[in-house]
Student: 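Dropping the structure in here first, questions after.
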Amino acid sequence: MERSSMLDHFAEELRLTRAGHGMSQAALAEALSYSGALVAKVETCERRPSLDFARRCDTVFTTDGRFERIQRRISRETVVPWARDWTGIEYEATALRWFEPICVPGLLQTEAYAHALLSGGGLFAPDEIEQQVTARLDRQAVLSRDRPPLLTAVIDEYVLRRRIGESEVMREQLHHLVKLGSALPRVRIQVVPQTAGAYPGINGPFVIATSGQGEDVVYQEGQLHGQVIDRSDFLRQMVEVWESIRGEALSQQQSLELMAEMAETWN
């Protein structure tokens with residue numbers, strides 16, 4: 001998919017207006033209360049500006065809503081194919097609502113489980129597998145930093161029953177989920193039991209990330225690439241889907257007990 005033309009337009013306007021005001025990226029970042037890295041990424045089209053970012057640009061430059069208008073037009077275009085910057089969004093999020101009906105969410109995987117998952121299909125060379133496992137484990141540092149995001153992960157019971165690797169890999173992985181859900185106050189893991197039957201989550205995995213400015217984006221991972229979507233109508237629908245899924249899930253305590261019980265079946 002081609003990059004958004006409005007994304008290019010926003011980046012160009014930002015560069016020209018900033019230069020016209022004699023401001024460096026660092027000075028603009030300070031005025032906007034955003035990081036210099038984010039300003040740089042917006043100016044090179046590596047990151048889409050949020051509505052809050054656009055409004056602050058209009059305030060700083062007194063541009064009478066011009067940046068907000070361009071930002072809203074970006075959102076109306078068929079947006080953003082990237083996995084490229086999802087990790088940045090994930091790292092900066094204050095909350096993550098994650099649903100997985102097929103496998104353990106990446107932030108909660110053990111090294112052995114991640115390795116078995118990535119090597120199972122025979123699609124990657126050994127060095128590629130190692131790189132991906134390392135990248136996945138590096139992302140998990142977000143859960144142990146000083147101010148971690150509130151991660152609410154809902155998984156299907158099928159995830160606990162699907163063999164990925166040897167039995168020992170599964171047992172270790174399920175014990176790891178119990179440990180994280182018990183020891184980390186900002187991590188909540190819930191399980192949708194098999195008795196739920198047909199429910200909205202069967203249509204596939206997704207993550208809703210909430211930024212420090214309170215704006216949401218949805219990430220959907222496909223076979224070959226991920227897609228980040230921030231259209232307001234789509235977001236509303238996905239929040240409704242999320243609420244429906246959580247309504248089918250066991251409580252945190254019941255889920256931890258089920259995961260501990262299932263761990264012992266992997267012998």
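All values below were derived from every heavy atom in this structure, side-chain atoms included, with hydrogens, water molecules and symmetry-related copies excluded.
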Student: Taking Q109 for its side chain and V104 for its backbone only, find out whether a donor-acceptor pair lies under 3.5 Å.
Tutor: yes
Student: Do L184 and V178 share a hydrophobic cluster, counting only Ile, Leu, Val, Met, Phe, Trp and Tyr and linking them when any side-chain heavy atoms are less than 4.5 Å apart?
Tutor: yes
Student: My understanding is that only residues two or more places apart in sequence, or in another chain, count here; which of them pass salt bridge (charged side-chain N to carboxylate O under 4.0 Å, His left out) with E43?
Tutor: R18
Student: Is it possible for you to say whether W266 and L117 belong to one hydrophobic cluster, with membership spreading through side-chain heavy-atom contacts below 4.5 Å?
Tutor: yes
Student: Has T265 got a side-chain atom pairing as donor or acceptor with M262's backbone, closer than 3.5 angstrom?
Tutor: yes
Student: Please say yes or no: joined through hydrophobic side-chain contacts below 4.5 Å, possibly via intermediate residues, are V217 and Y91 part of one cluster?
Tutor: yes
Student: Is any side-chain heavy atom of D52 less than 4.5 Å from a side-chain heavy atom of S211?
Tutor: no
Student: Is there a side chain to side chain contact (heavy atoms under 4.5 Å, CB included) between N267 and R171? Walk through the geometry before answering.
Tutor: CA-CA 8 Å; N267 291 317; R171 186 162 64 249; 3.7 Å; yes
Student: Any donor-acceptor pair under 3.5 Å linking the side chain of D64 with the backbone of D58?
Tutor: no
Student: Run the numbers on S167 and R163 for side-chain hydrogen bond (donor to acceptor under 3.5 Å, both in side chains), then give the verdict.
Tutor: CA-CA 7 Å; S167 293; R163 177 189 288 274; 3.2 Å; yes
Student: Taking T152's backbone N and O only, do any of them form a donor-acceptor pair with R97's side chain (distance below 3.5 Å, no angle check)?
Tutor: no
Student: Please check if L177 and I164 belong to a single hydrophobic cluster, counting links between Ile, Leu, Val, Met, Phe, Trp and Tyr side chain heavy atoms closer than 4.5 Å.
Tutor: yes
Student: With distance as the sole test, does S144 use its side chain to make a donor-acceptor pair with the main-chain N or O of A141 at under 3.5 Å?
Tutor: yes
Student: Hydrophobic clusters here meaning ILVMFWY residues chained together by side-chain heavy-atom distances under 4.5 Å, can you tell me if M23 and F67 are in one?
Tutor: yes
Student: The criterion is salt bridge (charged side-chain N to carboxylate O under 4.0 Å, His left out); which residues satisfy it with R162, sequence neighbours excluded?
Tutor: none
Student: Let me know which of I155, V154, L108 forms a side-chain contact (heavy atoms from CB on, under 4.5 Å) with E100.
Tutor: I155
Student: For a quick test of reading the model, state the closest non-hydrogen atom pair linking A11 to C45 and the distance between them.
Tutor: CB-SG, 3.7 Å
Student: What I'd like to find out is whether the side chain of L28 reaches to under 4.5 Å of the side chain of L14, using heavy atoms alone.
Tutor: yes
Student: On a heavy-atom basis, which atom in L180 and which in V187 lie closest, and how many Å separate them?
Tutor: O-CB, 4.1 Å
Student: Please collect all ring-ring contact (aromatic ring centres under 6.0 Å, His included) contacts where either partner lies in residues 155-193, sequence neighbours excluded, each pair once.
Tutor: none
Student: Throw together a table of side-chain donor-acceptor distances under 3.5 angstrom for residues 192-210, partners on residues two or more places apart or in other chains.
Tutor:
| unit_1 | atom_1 | unit_2 | atom_2 | d |
| --- | --- | --- | --- | --- |
| Y199 | OH | D156 | OD2 | 2.5 |
| T210 | OG1 | D216 | OD1 | 2.7 |

Student: Side chains of V228 and V218: does their closest heavy-atom pair fall under 4.5 Å?
Tutor: no
Student: How close do R136 and L118 get, counting heavy atoms only, and between which atoms?
Tutor: NH2-CD2, 3.8 Å
Student: So, does W98 use its side chain to make a donor-acceptor pair with the main chain of L107 at under 3.5 Å?
Tutor: no
Student: Does G106 offer a backbone N or O that forms a donor-acceptor pair with the side chain of Q140 under 3.5 Å?
Tutor: yes
Student: Please tell me whether S255 and Q252 have a donor and an acceptor in their side chains that are separated by less than 3.5 angstrom.
Tutor: no
Student: Can you find a pair of side-chain heavy atoms, one from Y113 and one from C103, that are under 4.5 Å apart?
Tutor: yes
Student: Check E13 against I70 and note the closest heavy-atom contact, atom names and distance.
Tutor: CG-CD1, 3.8 Å
Student: Is the backbone N or O of E261 less than 3.5 Å from a side-chain atom of E264, with the two atoms forming a donor-acceptor pair by type?
Tutor: no
Student: Grab the two heavy atoms, one from E90 and one from V142, that are nearest each other, plus how far apart they are.
Tutor: O-CG2, 4.3 Å
Student: Hey, is the main chain of R66 close enough, under 3.5 Å, to the side chain of T63 for a donor-acceptor pair?
Tutor: no
Student: Using the ring pair (Phe, Tyr, Trp, His ring centres under 6.0 Å) criterion, which residues pair with Y34? Sequence neighbours excluded.
Tutor: F53
Student: Report the C-alpha distance between K179 and E172 in whole Å, list the side-chain angles of each, state the deciding distance to 0.1 Å, and finish with yes or no for salt bridge (charged side-chain N to carboxylate O under 4.0 Å, His left out).
Tutor: CA-CA 10 Å; K179 179 182 175 184; E172 179 194 31; over 6 Å; no
Student: Which pairs pass side-chain hydrogen bond (donor to acceptor under 3.5 Å, both in side chains) with one or both residues in residues 182-192, sequence neighbours excluded?
Tutor: Q190-R246
Student: Nearest heavy-atom pair of L7 and P49: which atoms, and what distance?
Tutor: CD1-CD, 3.8 Å
Student: Please assess T44 against E46 for the test side-chain hydrogen bond (donor to acceptor under 3.5 Å, both in side chains), listing each intermediate value before the final yes or no.
Tutor: CA-CA 5 Å; T44 55; E46 289 181 63; 3.1 Å; yes
Student: For the side chain of E128 and the backbone of A125, is there at least one donor-acceptor N/O pair under 3.5 Å apart?
Tutor: yes
